[in-house]
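Everything on this sheet refers to the single structure shown next.
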Amino acid sequence: MSFLRGSCCALGGSVSDIPSMAEQVLVIGGGGREHALAWKLAQSPHVKHVFVAPGNAGTADNGKISNAAVPVSDHAALAQFCRDQDIRLVVVGPEVPLAAGVVDDLTAAGIRCFGPTAKAAQLESSKSFSKAFFERHGIPTARWKAFTEPKAACSFINSANFPALVVKASGLAAGKGVIVASTKAEACKAVTEMMQDKSFGTAGETVVVEELLEGEEISCLCFTDGVTVAPMPPAQDHKRLLDGDEGPNTGGMGAYCPAPQISKDLLQQIRDTVLQKTVDGMRKEGVPYLGVLYAGLMLTKDGPKVLEFNCRFGDPECQVILPLLQSDLYEVMQAVVDKRLSSSLPAWLEGSAAVTVVMASQGYPGAYPKGLEITGLAQAQQLGLEVFHAGTALWDGRVVTSGGRVLTVTALGHDLPTALQQANRGVASIHFQGAIYRKDIGARAIAFLRQSR
Ligand code: AMP
Ligand code: GLY
């Protein structure tokens, strides 16, 4: 029996009149985040079955969870699938379908969806939109300017008196469209590559140039129904590939939650000056934001500043936040969709910590092999851990690698060091050729805890 299974306690919101085990849910996506979402939703007594499209080997025929062969970019086919299967809630994991308007189209077809509309998702899909929004609403962020002409961008770079610069493709670039430049020449080169060479396709047609921020990076997420903001415990991702924050940026190599660097007072400040301000601003601008709002923050010496917004759960942050959610995720999501979150606020486990360690394919974030057999999954589960699959597939009944980030091993403990030790034990029991993973997830938080004792 792995941790927390069956321990989810319903808050008793106003969907509790729904007969137990009546509902079918569809989760869109195929990564570790979507496996974790399906895992948590399947714990709800309201939920009979969770489909995941496209899913992975971990969500294929796993108790109440199975994969659905429906093309997620074809919104008409998705709507038909939802009608055929009597889907009562669609939960959208990744940003691309949100930016493509899946929530707009399914809602128009009468299907209940958890996630923002395409217009609201611009907070993530257009950095020039989000930076201008921050400015209109006094939300703390790095000083910046947006450009559609490379010449203008380079002359700004050459005249800017920021100590260092960051160049960002404005559109969605799978977390790769950000170049931290150590010289002005490097920043101009990044502009040219994005705008003229189209290294990020249309995502780089507009670029944002901003000052480099220094400090600890933290992910602060909340549920929101467009009015009420319910913060989740803060988490920290580890974006670099290698120990000691070395190597290239990745989608995230591991995370822990809660992040002890964020005190209750600081979380309250972030809630008021970033999350609530954003939700109120979007509503006042006629674009109500519903779903999960994720603020990527830098804790600078001048206070927290927003690096970016994401319009969905983080991956791998989701894999450490959901194990700490005491409430029924299905009830919380339904309360968001019905705009009654204030009467169904989520409750979180106190006195516990979660850690997840990503195991990735050799070569990631560049090219990597596929089809390598993964062994030891059952042993990790016997240790009481959750293994959330990402780039995995089933071939002739064997679980094999099929992506860059292959899986994440999540442990829950009474404190961070205990959870970390457990997660590392799980990682040691799982094998595939060339597996890479970080051994220092949470190390800075543990050092912070020691220092503040
Ligand atoms: P973004 O997609 O904007 O979050 O950027 C991806 C990553 O680049 C962030 O998670 C940070 O690690 C880094 N980054 C982005 N903007 C800045 C900045 N202004 N200063 C320092 N690092 C940044
Ligand atoms: N872990 C960072 C992200 O999901 O964007």
Side-chain angles (χ1 to χ4, degrees), residues 29 31-34 36-37 92-96 98-99 121 123-131 134 140-146 160 162-182 187 190 194 200 203-204 206-221 232 234-241 245-257 259 292-302 304-322 356 358 360 365 388 390 404-405 408 438 441:
R33 166 183 51 209
E34 288 74 30
L37 284 164
V92 188
E95 63 278 17
V96 170
L98 290 166
L123 277 177
E124 175 170 4
S125 63
S126 167
K127 288 190 195 294
S128 57
F129 171 88
S130 61
K131 294 296 281 192
F134 299 156
T141 190
R143 287 173 293 167
W144 68 287
K145 225 166 157 43
F162 303 150
L165 288 161
V166 181
V167 179
K168 301 180 170 188
S170 177
L172 292 178
K176 294 178 193 142
V178 174
I179 308 293
V180 176
S182 39
M194 283 182 195
F200 297 106
T206 300
V207 299
V208 167
V209 179
E210 66 179 39
E211 68 177 321
L212 182 89
L213 297 177
E214 283 174 312
E216 194 78 32
E217 206 176 322
I218 298 285
S219 308
C220 280
L221 289 75
M232 304 181 196
Q236 187 170 52
D237 187 8
H238 295 61
K239 302 215 172 183
R240 300 294 199 97
L241 181 71
D245 289 331
E246 302 283 342
N249 256 334
T250 69
M253 292 300 291
Y256 62 86
C257 184
V292 167
L293 180 64
Y294 164 147
L297 300 164
M298 195 70 95
L299 302 183
T300 74
K301 60 177 175 27
D302 302 321
K305 293 192 179 177
V306 180
L307 292 172
E308 64 163 344
F309 270 130
N310 293 322
C311 55
R312 36 127 189 127
F313 272 105
D315 186 344
E317 289 95 329
C318 186
Q319 293 92 305
V320 286
I321 292 174
L322 289 185
T356 200
V358 172
F388 295 118
R405 288 191 292 175
T408 68
R438 282 183 63 161
I441 302 301

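Whatever order the structure lists them in is the order used to number ligands and atoms, beginning at 1. Here the structure is a predicted model, which means the values were calculated and not measured.
- A salt bridge between Glu210 and Lys127 is absent, with no side-chain N of the basic residue lying under 4.0 Å from a carboxylate O of the acidic one.
- Residue-level proximity to ligand 2 for Arg33 is absent, since no heavy atom of it falls below 4.0 angstrom.
- In this structure, the separation between CG on Asp245 and CD on Glu217 is 9.5 Å, given to the nearest 0.5 Å.
- Protein residues with a heavy atom closer than 4.0 Å to ligand 1 are Lys127, Val166, Lys168, Val178, Glu210, Glu211, Leu212, Leu213, Glu217, Lys239, Met298, Leu307, Glu308, listed by chain and number.
- The contact set between ligand 2 and Asp237, taken as ligand atoms under 4.0 Å from a residue heavy atom, comprises 1 (N), 2 (C).
- Nearest to atom 5 (O) of ligand 2 by heavy-atom distance, out of Glu217, Glu308, Arg312, Glu95, is Arg312.
- Considering all non-hydrogen atoms of both residues, Thr250 and His238 come closest at OG1-O, 4.3 Å.
- In this structure, CD on Gln319 lies 5.5 Å from OG1 on Thr356, to the nearest 0.5 angstrom.
- The distance from the OG1 atom of Thr300 to the CG atom of Leu213 is 6.5 Å, given to the nearest 0.5 Å.
- Residues Ser128 and Ser170 bring a donor and an acceptor atom of their side chains to less than 3.5 Å of each other.
- Looking at Glu124 and Tyr294, their side chains never bring a donor and an acceptor atom within 3.5 Å of each other.
- Per-residue contacts place Tyr294 under 4.0 angstrom from the following atoms of ligand 2 (heavy atoms of the residue considered): 1 (N), 2 (C), 3 (C).
- The ligand atoms of ligand 2 that sit less than 4.0 angstrom from a heavy atom of Gly251 are 1 (N), 2 (C).
- Near Asn310, the atoms of ligand 2 lying under 4.0 angstrom from a non-hydrogen atom of the residue are 5 (O).
- Residues Gln236 and Glu216 have side chains that bring a donor and an acceptor to within less than 3.5 angstrom of each other.
- Remark: Lys145 NZ is loosely packed, at most 12 non-hydrogen atoms of other residues, nucleotides or ligands lying under 6.0 Å away.
- In this structure, Cys318 falls outside the shell of residues with a heavy atom less than 4.0 angstrom from ligand 2.
- For Gly314, the heavy-atom gap to ligand 2 drops under 4.0 angstrom.
- Interatomic distance, Phe309 CZ to Leu297 CG, rounded to the nearest 0.5 Å: 7.5 Å.
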